[in-house]
Trainee: 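First, the structure itself, so that you have it in front of you.
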There are 2 protein chains.
Amino acid sequence: MSSPSDMSTPPDELSARAIGLFVAINRRYAGEAEAAAAAQDLTPLQAKALLATMDPVPMRAVADKLHAEPSNITAVVDRLEERGLVERRAAPGDRRVKLVAATDRGRTAIAELRAAMPFAGDPLGALGTEQREALCRLLELVVGPQERQA
Amino acid sequence: MSSPSDMSTPPDELSARAIGLFVAINRRYAGEAEAAAAAQDLTPLQAKALLATMDPVPMRAVADKLHAEPSNITAVVDRLEERGLVERRAAPGDRRVKLVAATDRGRTAIAELRAAMPFAGDPLGALGTEQREALCRLLELVVGPQERQA
DNA sequence: GCGAGGTGCTTGACATTGGCAAACATTCCA
DNA sequence: TGGAATGTTTGCCAATGTCAAGCACCTCGC
């Protein structure tokens, strides 16, 4: 849980309030995601991996999407495969590559995961269009000049 | 890393942009914190625990602050204590309680951690006062009616 | 066409984190 | 005073993360 929750460098009051709000939003998201995953008897990481396999993708792509080492993804996909949620296929054109693809059961689980994460589906639901745009502009300022990275 | 990064429920475009920005801010924070901890040869959790011990606090309080089980904090504090960054003291008034307090070396490490986390110290530095207030208002709307919780 | 080097995936060893049950001392309350 | 609750520790186990090594395969240059 790498969130600002507790790295308490004491900032000014408004910053502290903003940090608290970020943490709260993060928790709302993470809590929802964790509950949704648990309802499918999955860990959050397994759920993320499953969600990444709607279309067949190489192991490597899953690892990149989850910001994890490919070697770790092997075990995660192993568990998903044991449960029949995912299958490994040969990739046409490169026999080194294994494509991970959700099975029918996997796609059902994906649908239920998404249904159980309404906040993730519409996080800005409480905001009007102008407010959404204003929020994005402000967040961009906070992010600052960031490193480009897919 | 429980961040929205990859629980890809496909939302509308503005929401997607906002999610990306949240993730980017989270990463900026977490990356800075992780680097700061690593510079002290600490894990992020160890660093958080250390930061919580500026003043002597019961183990239980450290656990609460880090949203972890007290039983897990035992091992974390053990490592900090082995390295002389922290010490356990008896608590006056309740002989069950052990207070964890940063040593001089620990306080030095805390200062260096904070110095290495400028973004955490002033996350809204790029914003003016009105922008900060606007941001907080918008974030409060996004959080929504939240459960009260220290 | 052949070999060197790079890429994709897996395996293994290991440390850290997280949850949970059990044990122990101590405190609190009826 | 006795039973319940609290604070801390220990142990076990699953999951995650980093790292090095290995195997299969592809690619590039000669």
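Every chain is numbered from 1 and lettered A, B, ... according to where its sequence line falls, protein lines coming before strand lines.
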Trainee: Just how far, in rounded Å, is C1' of D/dA20 from CD of A/E69?
Mentor: 11 Å
Trainee: With ring-ring contact (aromatic ring centres under 6.0 Å, His included) as the test, would you mind laying out the steps for B/F22 and A/F22 before giving the verdict?
Mentor: CA-CA 8 Å; B/F22 269 101; A/F22 269 101; 5.2 Å; yes
Trainee: Rounded to the nearest Å, what distance is computed from the NE2 atom of residue A/H67 to the P atom of nucleotide D/dG17?
Mentor: 11 Å
Trainee: Ignoring backbone atoms, establish whether B/R95 has a side-chain N or O less than 4.0 Å from OP1 or OP2 of C/dT27.
Mentor: yes
Trainee: Output the rounded distance in Å from CG (A/L42) to C1' (D/dA15).
Mentor: 13 Å
Trainee: For nucleotides 9-16 of chain C, just jot down a letter per nucleotide in 5' to 3' order: B, S or -, based on protein non-hydrogen atoms under 4.0 Å.
Mentor: SBB----S
Trainee: Judged by each residue's nearest nucleotide on DNA chain D, which is more toward the 5′ side, A/A68 or A/G93?
Mentor: A/A68
Trainee: Check the distance between D/dT8's P and B/D94's CG and give it to me in whole angstrom.
Mentor: 8 Å
Trainee: Check for a donor-acceptor pair, side chain of B/R107 on one end and backbone N or O of B/L85 on the other, with a separation under 3.5 Å.
Mentor: no
Trainee: When you measure from the side chain of B/R132 to the backbone of B/L124, do you find a donor-acceptor pair of N or O atoms at a distance under 3.5 Å?
Mentor: yes
Trainee: Please collect all side chain to side chain donor-acceptor pair (under 3.5 Å) contacts where either partner lies in residues 88-97 of chain A, sequence neighbours excluded, each pair once.
Mentor: A/D78-A/R88, A/E81-A/R88, A/E87-A/R89, A/D94-A/R96
Trainee: Check salt bridge (Lys or Arg N to Asp or Glu O under 4.0 Å) between A/R105 and all other residues, then give those that pass, not counting sequence neighbours.
Mentor: none
Trainee: Are any side-chain N or O atoms of A/E32 and backbone N or O atoms of A/F119, one a donor and one an acceptor, separated by less than 3.5 Å?
Mentor: yes
